[in-house]
Undergrad: 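Handing you a structure now.
Numbering of ligands and ligand atoms starts at 1, following listing order.
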Amino acid sequence: MLLILSGPSGAGKSTLCDRLLAAFPALKLSVSVTTRAPRGAEQDGVHYHFVTPERFAEMVAADAFAEHALVHGNRYGTSKAVVEEELRAGNSLLFDIDFQGAESLLAYRSDALAVMIFPPSMEVLEQRLRGRGTDSDEVVARRLHAARAEMAHFSSFHHLIINDDLEVAFEELRAIFVAGRTRTQHRADEVRRRFDLVASLNEI
Ligand code: ADP
Ligand code: 5GP
C-alpha cells in the first residue's frame, strides 16, 4: 500500500515516519528527489536524492515523476520508477510529501491512503521549527507563512492527526497503517493465492 503523510513543516512528519519505519520493517520510505541543499546530517540517497535544478528539469521532461511540486522555493519529486518497482515487489511505501504532491499522487494511484499531520497550534509549530535548529530565521518565517495554506487542504486527506502528544499521534498513525493494510484491495492477490475461492455455491 501507499501511505502519504503531509502537513506543515515542523508538524512532526519526519519524527512520525521514523517511528513507523522502525515499527514495521516491511514499510519503506520513498526517497524524494530535491533541488534543495542538504540540511544538518542529511545524506544523499538516504534522506533525499539531491540534484541540481538542471537535472530536476531533465527528469520532469523525461516524465520520470509520479508527482512533483515547488515547495518553499525548492523543487521536490517522487520517482515513478521507484513507486512501480516497490509495488511490483509487494512492498508498502511511506511518503513524506506536501499537499500538492499528495493530491497528485492520489490522482496517480487512487488506492493510496493520505494522512494530514497538524501541530497542536501555530505557536507550538513555530517553537518546533525554531527548536529543530536546522533552519535560519528567514527559512522559519517562510515555512510558517506557508503552513496555513498547507493545512487548508486537510479535506483532501482520509485522516487527520493532531500531533500534540507524540505517543498518542504515533498510536493513531500506527492504527491507520494497520487498518489500511487490511483493506480488501491490498489483500486480494494474497487471498486468491492462499484460498481456492469460488464465485457461487453451485461450484462447490
Ligand atoms: P517535519 O518533518 O514535519 O518538518 P519534524 O519531525 O522534523 O517535522 O519535527 C519538528 C521538530 O518538532 C523536531 O525537533 C521534533 O523532534 C519535534 N517534535 C515532533 N513531534 C513532537 C511532539 N509531539 N512533541 C514535541 N516535539 C515534537
Ligand atoms: P523539507 O525541505 O523540510 O525536507 O521538506 C519540505 C516540504 O517538502 C515538506 O512538506 C515535505 O513533505 C515536502 N516534500 C518532500 N519530498 C517531496 C516530494 O517528493 N514531493 C512533494 N510534492 N513534496 C515533497
Undergrad: Mark up the atoms of ligand 2 that fall under 4.0 Å of a heavy atom belonging to T78, in ascending order.
TA: 19 (O)

Undergrad: Any atoms of ligand 2 less than 4.0 Å from a non-hydrogen atom of R36? List them with their elements.
TA: 1 (P), 2 (O), 4 (O)

Undergrad: Which of the numbered atoms in ligand 2 are under 4.0 angstrom from any heavy atom belonging to G101?
TA: 22 (N)

Undergrad: Please confirm whether E150 approaches ligand 2 to less than 4.0 Å, judged on its heavy atoms.
TA: no

Undergrad: Residues two or more places apart in sequence or in another chain: which of them pass side-chain hydrogen bond (donor to acceptor under 3.5 Å, both in side chains) with S6?
TA: none

Undergrad: Among D96, V33, V71, which one puts a heavy atom closest to atom 14 (N) of ligand 2?
TA: D96

Undergrad: What protein heavy atom sits nearest atom 13 (C) of ligand 2, and how far away is it?
TA: D98 N, 3.7 Å

Undergrad: Using a 4.0 Å cut-off on heavy atoms, what residues surround ligand 1? Order them by chain and number.
TA: P8, S9, G10, A11, G12, K13, S14, T15, R128, R132, N163, D164, L166

Undergrad: Give the residue and atom name of whichever protein heavy atom lies nearest to atom 19 (O) of ligand 2, and the separation in Å to one decimal.
TA: S32 OG, 2.7 Å

Undergrad: Does H72 reach the main-chain N or O of R143 with its side chain, forming a donor-acceptor pair under 3.5 Å?
TA: no

Undergrad: So does R88 pair up with E85, basic N to acidic O under 4.0 Å?
TA: no

Undergrad: Look at atom 20 (N) of ligand 2 and say which protein heavy atom is nearest, naming residue and atom and giving the distance to 0.1 Å.
TA: E67 OE2, 2.7 Å

Undergrad: Check if Q100 has a non-hydrogen atom at a distance under 4.0 Å from any atom of ligand 2.
TA: no

Undergrad: Determine, for E190 against R194, whether the closest basic-nitrogen to carboxylate-oxygen distance falls under 4.0 angstrom.
TA: yes

Undergrad: Can you find an N/O atom of H68 closer than 3.5 Å to an N/O atom of ligand 2?
TA: no

Undergrad: Decide whether the shortest distance between a heavy atom of R143 and an atom of ligand 2 is less than 4.0 Å.
TA: yes

Undergrad: What pairs of residues pass the salt bridge (Lys or Arg N to Asp or Glu O under 4.0 Å) test when at least one of them lies in residues 8-29, not counting sequence neighbours?
TA: R19-E167, K28-E86

Undergrad: Tell me the protein heavy atom at minimum distance from atom 6 (C) of ligand 2, and give that distance in Å.
TA: Y76 OH, 3.5 Å

Undergrad: Run the ring-centre check on F99 versus F157 and record whether the distance is less than 6.0 Å.
TA: no

Undergrad: Any ring pair (Phe, Tyr, Trp, His ring centres under 6.0 Å) pairs touching residues 178-204, not counting sequence neighbours?
TA: none

Undergrad: What is the closest protein heavy atom to atom 5 (O) of ligand 2, and at what distance does it sit?
TA: Y48 OH, 3.4 Å

Undergrad: Give the atom numbers and elements of ligand 2 that come within less than 4.0 Å of a heavy atom of A69.
TA: 22 (N)

Undergrad: Is there a nitrogen or oxygen of H72 sitting under 3.5 Å from a nitrogen or oxygen of ligand 2?
TA: no

Undergrad: Could you check atom 9 (C) of ligand 2 against the protein and tell me its nearest heavy-atom contact, residue, atom and distance included?
TA: K13 CE, 4.2 Å

Undergrad: When the ring centroid of F65 is compared with that of F56, is the distance short of 6.0 Å?
TA: yes

Undergrad: Please check this pair: side chain of N163 against backbone of A169, looking for a donor-acceptor N/O pair closer than 3.5 Å.
TA: no

Undergrad: Look at atom CD of E138 and say whether more than 12 heavy atoms of other residues, nucleotides or ligands are closer to it than 6.0 Å.
TA: no

Undergrad: About how many Å separate CD1 of I117 and CG of L160, when rounded to the nearest 0.5 Å?
TA: 8.0 Å

Undergrad: Salt bridge between R128 and E123, side-chain N to carboxylate O under 4.0 Å?
TA: no

Undergrad: Taking 4.0 angstrom as the limit, do R130 and D135 come out as a salt bridge?
TA: no

Undergrad: Keeping the roles fixed (side chain from R192, backbone from R187), state whether a donor-acceptor pair exists under 3.5 Å.
TA: no

